[in-house]
Amino acid sequence: MIELRRAVVVLFAVVGMSVVAPAAAVGPSRAGCAWLPELLSLPANTVDGQVTGGDGAWLAGVAYDPDEGLLWRDGRLVMHGSAFELDTRFEAVNASGVAVGTVTGDDGRLHAIRFSGRFSGRFEYLPETAGRSLALDVNGRGEAVGYDGVALVVWSAGGTARVLAMPPGAGPFGRPAIDEDGTVVARTGILDGAVMRWQTYAWTPSGVRVPVAVGDVREVRDGWAVGAFGEPGQVAAGWGVEDGRVRVYAGGVSAVAVNRAGVAVGAGANGEPLLWSGTTPVSLPAPPGYFPGSVTAVNDHDAGGFVSPLDDEGTVPVRWSCR
């Protein structure tokens, strides 16, 4: 196994990260409030950034030029930094503030990393065998899922990697997701002549692969997966991984994230950011002076994403709160 390498992160007003406990899954009220936008802070001398993931009270993201991983807690920027002095991007965060993502190495390739608020805040490389890797999701135990080369892998909290077996001739595609119990949900494809045949599977913690009757999965939370089905003409939907229940999210073409209370976020037919508390869509407005952007994450209290200024280029991170 490749030895894990660690480096201290540049901390920004970190408050008690070593003792952060998962936030209660309260979920927002379905009535009596409005989802209002608020721009999120960026590091000094940085003007572009995006939210990429969320859980508990946390939102994770990336700042551009220089590329740094970002963590907000309850809407406040509490950490920004680059791993090993390389361009860094966070893809996901768990309810304890453990984040995963990638760095762009000196070799120009992407390499999977994990950041833990424990031990005063440190990055670590995750083991790889193919010379390139991606970490794309993390659960409450700190287990990460992603790619080692083209292989779909799970990294344990201790850093060891486990390859998930594919059906004969098939390969993994898209963004895998990992649930709190270690179950991984991901889409696979196999070329049948000139036609790609798609099938989504769930891999249990013991490694057993089970077909799941869903389409393109983006996230899974407590046995509930969200994404889209139907090609062409996608429809936003959620599925029970074990029981096969299906819920269509009205007005959406893709659901990209879901929290413990079942609140989902995604995109409408024109790409507009939507939120579903149940199945009825709620529009997520842009702040004054900004174009509508995209919603990319939802934690226990807030939705997160990015918007673009009317008078400039680039993207700015934003959160929507039910107030």
Side-chain angles (χ1 to χ4, degrees), residues 4-12 14 17 40-55 58-73 77-94 97-117 121-128 130-139 142-149 152-153 155 159 174-178 218-219 256-257 293-299 304-308 313-319:
L4 297 183
R5 291 180 284 168
R6 301 178 181 269
V8 178
V9 64
V10 179
L11 297 178
F12 178 78
V14 176
M17 291 185 67
L40 291 168
S41 297
L42 286 167
N45 303 316
T46 302
V47 296
D48 288 338
Q50 298 182 1
V51 173
T52 56
D55 193 11
W58 298 87
L59 292 171
V62 59
Y64 298 113
D65 195 23
D67 290 7
E68 293 186 316
L70 306 176
L71 288 176
W72 298 270
R73 189 182 184 204
L77 182 66
V78 296
M79 174 268 169
H80 68 88
S82 299
F84 315 109
E85 300 182 348
L86 299 170
D87 284 349
T88 302
R89 176 185 176 92
F90 285 156
E91 295 287 353
V93 63
N94 71 12
V98 176
V100 298
T102 59
V103 295
T104 303
D106 293 333
D107 57 4
R109 295 181 173 185
L110 297 178
H111 303 280
I113 52 137
R114 178 166 47 205
F115 170 81
S116 174
R122 292 182 181 272
F123 284 104
E124 61 182 2
Y125 281 108
L126 295 174
E128 62 179 37
R132 63 189 189 279
S133 55
L134 302 167
L136 296 170
D137 196 14
V138 61
N139 67 10
E143 297 169 320
V145 66
Y147 292 97
D148 180 3
L152 184 63
V153 297
W155 290 279
R175 187 183 182 98
I178 188 166
R218 295 296 301 274
E219 190 164 82
V256 299
S294 295
V295 60
T296 55
V298 62
N299 63 21
F306 59 90
V307 292
S308 299
E313 298 179 351
T315 59
V316 181
V318 63
R319 72 165 177 164

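- Pairing each heavy atom of Ala257 with each of Ala297, the nearest pair is CB-CA, 3.9 Å.
- The closest side-chain heavy-atom distance from Arg132 to Leu110 is not below 4.5 Å.
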List the steps, then state whether side chain to side chain contact (heavy atoms under 4.5 Å, CB included) holds for Tyr147 with Leu136. CA-CA 8 Å; Tyr147 292 97; Leu136 296 170; 3.9 Å; yes
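- Without hydrogens or angle criteria, Thr315 side chain to Gly49 main chain gives a donor-acceptor distance under 3.5 Å.
- Side-chain atoms of Leu77 and Pro43, non-hydrogen and from C-beta on, do get closer than 4.5 Å to each other.
- A distance-only check finds no donor-acceptor pair linking the side chain of Ser294 to the backbone of Gly305 [under 3.5 Å].
- The shortest side-chain heavy-atom distance between Leu152 and Val145 falls under the 4.5 Å cut-off.
- Taking the side chain as every heavy atom from C-beta outward, Thr88 and Phe123 approach each other to under 4.5 Å.
- Taking all atoms of both residues into account, the shortest heavy-atom contact from Glu68 to Ser82 is CG-OG, 3.4 Å.
- How far CD of Glu91 is from CD1 of Ile113: 9.5 Å, rounded to the nearest 0.5 Å.
- Smallest separation of non-hydrogen atoms from Gly174 and Pro176: O-CD, 3.4 Å.
- Rounding to the nearest 0.5 Å gives a distance of 9.5 Å between CG of Asn94 and CH2 of Trp58.
- Using a 4.5 Å heavy-atom threshold, the side chains of Glu124 and Trp155 count as separate.
- Residue-environment remark: CG (Asp106) stays at or below the threshold of 12 foreign heavy atoms within 6.0 Å.
- Between Tyr125 and His111, the ring planes are perpendicular. Angles over 60° get that label, and only those under 30° would be called parallel.
- Atom CG in Leu71 sits 9.5 Å away from atom CG in Leu59 (nearest 0.5 Å).
- To the nearest 0.5 angstrom, Ile178 atom CD1 is 4.5 Å from Asn139 atom CG.
- Nearest heavy-atom pair across Ala60 and Phe90 is CB-CB, 4.2 Å.
- The shortest non-hydrogen separation linking Gly314 to Ser308 is O-OG, 3.1 Å.
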Start with the C-alpha gap between Gln50 and Thr296, add the side-chain angles, then the distance that decides, and say whether side chain to side chain contact (heavy atoms under 4.5 Å, CB included) holds. CA-CA 9 Å; Gln50 298 182 1; Thr296 55; 5.8 Å; no
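- Between the CG atom in Leu42 and the CG atom in Leu70 there is a gap of 6.5 Å [rounded to 0.5 Å].
- Within the model, atoms CZ of Phe306 and CG of Asp48 stand 11.0 Å from one another, a figure rounded to the nearest 0.5 Å.
- The nearest pair of heavy atoms linking Gly105 to Leu86 is CA-CD1, 4.0 Å.
- Side-chain N or O atoms of Arg114 include one that pairs as donor or acceptor with a backbone N or O of Gly142 at under 3.5 Å.
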